[in-house]
Amino acid sequence: MEMLSKKATCKSHGQDSSYFLGWQEYEKNPFNEDTNPLGIIQMGLAENQLSFDLLESWLARNPDATMFGSNGGSIFKELALFQDYHGLQTFKTELVEFMAEIRRNKVRFDPQKLVLTAGATSANETLMFCLAEPGEAFLIPTPYYPGFDRDLKWRTGVKIVPIHCSSLNGFRITKAALDEAYDEALKLNLRVKGVFITNPSNPLGTTMNQDEFNHVISFAVSKNIHIVSDEIYAGTVFDSSKFTSIIEAVMDRNLEKTDIWSRIHVVSSLSKDLGLPGFRIGMIYSNNETLIAAATKMSSFGLVSSQTQYLLSKLLGDKKFTRHYIQENQRRLKKRQQVLVSGLQSYGIPCLKSNAGLFCWVDMRNLLSSNAFEAEMELWKKILYEVGLNISPGSSCHCTEPGWFRVCFANMSQETLNLSIHRLQAFVTSNGDGNYQNQKLSTRISRRNSLVVS
Amino acid sequence: MAITIVTEITNLRRRIPPRGIEQMEQLLSKIATNEQHGENSSYFHGWKAYDNDPYHPNQNPNGVIQLGLAENQLSFDLVEEWITKHPSASICTSEGVQMFRDIAIFQDYHGLPQFRNAVARFMGKVRGGRVSFDPARIVLAGGATGASELITFCLADPGDAFLVPTPYYPAFDRDLKWRTGIQLIPVICESSNNFKITKEALEEAFENAQKSSIKVKGVIIANPSNPLGTTVERETQITLVNFINEKQIHLVCDEIYSATIFSRPNFISIAEIIEEVDCNRDLIHIIYSLSKDMGFPGFRVGIVYSYNDAVVNCGRKMSSFGLVSSQTQHFLASMLSDDEFVDDFLKTSSMRLAKRHQTFTSGLEEVGIKCLNSNAGLFCWMDLRPLLKEPTFEAEMVLWRLIIHKVKLNVSPGFSFHCVEPGWFRVCFANMDDETLEIALKRIRIFIQATDKKSDVPAKKSKQWQKNLRLSFSGGSRCEYEESLKSPSVMSPHSPMSPAQLVQTRT
């Protein structure tokens, strides 16, 4: 329909991909322990639902977080009128301290260099608007979060050129892969403006190691390009000592007084760490003042609700609470991951060794009928419709090798996770010999009779 | 391997020192480094003056009074009372916390169903129940700022144009053009017919675009108008609908001030017009927000309501870039579903706005200052043409600086709204308490009376003023005018101040 813009009519929003189609199928037949026990279990949603009790009990102890301030004095009016794109200062101050805490205080952040945005979705798009012209490119290691196709490219016109990572070395970024991607961009006549990394990685669940930092940083220095580091999962690292922020990595290499320092930009959000995706709290952090000035103005298109800023300023201001939360949340995530990994392992399905994230990168290559993406799609559909699990196929994450799937573990109860493991186990055992449906049923019955595996 | 890495790092450290700012800016996009955000325009000079010297009844009684901020601060007491009686509307209270989890994880870009239902219902009430809105057509956005940009992304490609009647809200230049790459072509409206939009003006703007080979995708209007404070008449809207229908281009109606009507004629929404007039409904879109009607700019509730299914679908996906916080959706769903509260709020707010408007315009009238006859909005369109030395924008600028620095009032000059006639100023009246408004009026009275005394001419003989405006407040030199055109170095309408005093460009 030519009445609308090209953006409105193209497919760059990426929502016709299998990543989203699986969600739609789930919506049509969602699992519910009581009302729909044979429904599809959602394992394609990277949400952290493990620690709400901690937040709820905090709220119960802290009625000040409502808009009525302390001593019953109402600040409702001030909040309702507050639309300054610099954000609520108290909130930003607490937020940067929280970010530092997650990074073991190896990095300190300046609230003046932080821009608040409506979620990391908005932060990533805003950065692209600021760093690249339409038609210019960013290099992104594969596999990557499917939403990047929309967030980084759709309205900005920026291109993504993949840096191919391989299972042979655990999908680590190599110098050769960076160079190859850059050359590919040149062949396509694309000017490369930067490298976009996600650390910890979605979908891999791994944190970047020192070799990878070396490769990426020296690459960005030599090509005079930006590094954007989406650190949205920083708080989901099971062991904090294993996570290094790009800022720390650059400081460790004593590069703060060089050019590259103004080309390092961090994106984060409270959607994964605190499990609050509905509140739309995203952020851009950079030492580049010009960028911060521009991004701050652009944040007008997607500011964080003042009501939400206020609530979070109170929550994050309680340092005893945040320290306890970070630790306990990490402990629970680690435990959950282990349940999934060992459950799959016992039936011969390995996962990539991971130390972060809300998901595992599962190796189902052995279950493919052939080493092809068609076979991966076939397997995915079986798992969706017959096994009743919505998991995300590697092709939707632009993985170059068929057979890998992202499986989330933190967005359901322990029981549901156990059930999904049993379903998968039953599928693997039967592997298409027709006994699968009966096994699914008997698994459900036996689950009720057995102790919950914790 | 280790040696290679060490060498790499050593080589990196030997790099040349950081480059100049110019080179640094080349690393950023044109959008990031051009001036199209508009914040360096002299429009914000008045804001800066206010920020540097803000009025406070006790602490700074001689400070600048902010009359440039279109906020509705008159009815918070009603909202606060409602909140006290409905603690479960907040997910932070003990009454509401059981909803915390579900709300905190809700990020579906369709929005909370109860919120969309409540907004649709509210929009219907604002229009007196004469039309109803389908919640399924409601698309969320990051404030009206986000909504305006979103609809533009859906309807137009870079280089395409929208026609917009002058005078218009200054931030349209940013919201509609900055990141979208579209152009705005003015539809000239004049005081001779009270700035009404005419068919001739529309046709002329359209033809100008065609001559320049610019593709016009639609017309955007604000109804009620900012800065005029007038509602768009039925006949004008019918003309508009016929115009866009004939050309098969879009009509976007920003109805953000729809509940600020305080006197006749009644507000007529485009939603009502299309019930009477045949047109291609795929071309009709409404922008809305709760920032003005309810006084909630901080909550960032923007709405796009489109009669075009493809626009709704596409727009919804774009919502992801500026969704409304689920905490806020939940809170407002509860409030706006309370029929009794909403009915009372709308009625009371309207009455209070009427009173304010009356107080202000009659206060101006006493000293011979006229405003455009208006029935809506949070501001008046003040006619200070008699005070200009000459009918030029230079003279308008001189007068404006005088008002800011000597009379100590931040008002918004017509040129910043792209008005084609110098001498008009937008003055807001709903963003302060009664006492402050009275003080503002007093300052105006003193200013005008001092001028009259100097010239010995009665206030009402306005033509005489032109001769006498080498004002004894010696601010009116050419040098000052040129000075004022330069971008001030750190120009932002914002400053680290207490929340109540902070301002934003959505004015």
Side-chain angles (χ1 to χ4, degrees), chain A residues 1 3-8 13 15 47 49 52 56 59-60 63 65-66 74 76-86 89 118 121-122 125 129-133 155 214 218 221 253-255 258-259 262-263 275-280 290-291 294 297 300-303 305-308 311, chain B residues 5 8-9 12-13 15 18-19 24-25 27-32 37 39 71 76 80 83 90 92-94 97 100-101 103-107 142 145-146 149 153-157 179 282 295-300 310-311 314 317 320-323 325-328 494 496 499-500 502 504 506:
Chain A
M1 189 190 177
M3 293 305 308
L4 304 190
S5 66
K6 293 192 180 72
K7 287 178 181 68
H13 51 73
Q15 290 202 208
E47 267 178 12
Q49 295 190 23
F52 277 119
E56 285 158 352
L59 283 170
T66 63
S74 168
F76 175 79
K77 177 176 163 177
E78 281 76 10
L79 285 178
L81 293 173
F82 185 84
Q83 55 170 330
D84 182 358
Y85 56 30
H86 290 100
Q89 284 311 304
T121 302
S122 178
E125 190 196 43
F129 271 124
C130 288
L131 300 179
E133 306 299 335
R155 304 191 309 180
N214 287 335
S218 56
V221 167
R253 289 155 181 78
N254 290 319
L255 295 171
T258 67
D259 282 3
S262 64
R263 299 200 307 272
L276 306 173
F279 290 177
R280 314 315 301 144
T290 315
L291 172 74
K297 294 178 177 72
S300 299
F301 298 110
L303 293 174
S305 170
S306 56
Q307 181 186 31
T308 302
L311 166 61
Chain B
I5 291 169
E8 270 183 329
I9 306 300
L12 290 174
R13 288 206 207 113
R15 288 273 163 173
R19 300 172 189 179
M24 190 179 297
E25 285 179 349
L27 287 179
L28 306 187
S29 66
K30 293 192 183 72
I31 286 177
H37 48 72
E39 290 192 26
E71 272 178 5
F76 280 116
E80 283 163 355
I83 293 174
S90 166
C92 306
T93 58
S94 49
V97 76
F100 181 83
R101 180 182 301 231
I103 297 301
I105 57 174
F106 187 88
Q107 55 168 332
T145 302
E149 191 195 46
F153 268 126
C154 287
L155 301 180
D157 292 312
R179 304 192 307 182
D282 279 345
F296 296 159
F299 295 167
R300 315 313 302 149
V311 170
C314 166
K317 296 177 176 71
S320 301
F321 298 111
L323 282 177
S325 166
S326 53
Q327 176 195 14
T328 300
H494 320 282
L502 280 157
Q504 230 301 21
R506 179 89 202 182

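In the text below, chain A, chain B and the rest are named by the order of the sequence lines, each starting its count at 1.
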*Leading residue by heavy atom contact count with chain B [cutoff under 4.5 Å; candidates A/Phe301, A/Phe279, A/Phe52, A/Phe129]*: A/Phe301
*Rounded to the nearest 0.5 Å, how far does CE of A/Met3 lie from CG of B/Leu155?*
8.0 Å
_Pick from A/Ala8, A/Pro277, A/Ser122 with the largest number of heavy-atom pairs that fall under 4.5 Å of chain B_ = A/Pro277
*asked:* If you count heavy-atom pairs within less than 4.5 Å of chain A, which of B/Phe153, B/Phe296, B/Phe106, B/Phe100 leads?
replied: B/Phe153
*Based on non-hydrogen pairs under 4.5 Å, which of B/Val97, B/Ile103, B/Ile105 is most in contact with chain A?*
B/Ile105
*asked:* Going by the rule side chain to side chain contact (heavy atoms under 4.5 Å, CB included), which residues pair with A/Glu133 if we only count those two or more places apart in sequence or in a different chain?
replied: A/Glu136, B/Ser29, B/Lys30
*asked:* Looking only at heavy atoms and a cut-off of under 4.5 Å, which of A/Cys130, A/Ala118, A/Ala60 has the most pairs with chain B?
replied: A/Cys130
_Interatomic distance, A/Gln307 atom CD to B/Ser90 atom OG [nearest 0.5 angstrom]_ = 7.0 Å
*Identify whether the distance between the nearest side-chain nitrogen and carboxylate oxygen of A/Glu56 and B/Arg101 falls below 4.0 Å.*
yes
*Between the main-chain N or O of B/Asp157 and the side-chain N or O of A/Ser5, is there a donor-acceptor pair closer than 3.5 Å?*
no
_Nearest-0.5 Å distance that lies between atom CG in A/Leu81 and atom CZ in B/Phe299_ = 9.0 Å
*Hey, could you give me the CZ/CG distance between A/Arg280 and B/Leu323, rounded to the nearest 0.5 Å?*
5.0 Å
*Kindly compute the distance separating CD (B/Gln327) from CG (A/Leu311), expressed to the nearest 0.5 Å.*
5.0 Å
*Answer with side chain, backbone, both or neither: which region of B/Phe76 has an atom nearer than 4.5 Å to a non-hydrogen atom of chain A?*
side chain
*asked:* I'd like to know which of B/Gly142, B/Pro297, B/Gly322 tops the heavy-atom pair count under 4.5 Å against chain A.
replied: B/Pro297
*Under a 4.5 Å heavy-atom cut-off, does chain A meet the side chain of B/Ser94, its backbone, both or neither?*
neither
*Nearest 0.5 Å, what's the CD-OG1 distance between B/Gln107 and A/Thr121?*
7.5 Å
*Side-chain donor-acceptor contact under 3.5 Å, A/Thr308 with B/Ser325*: yes
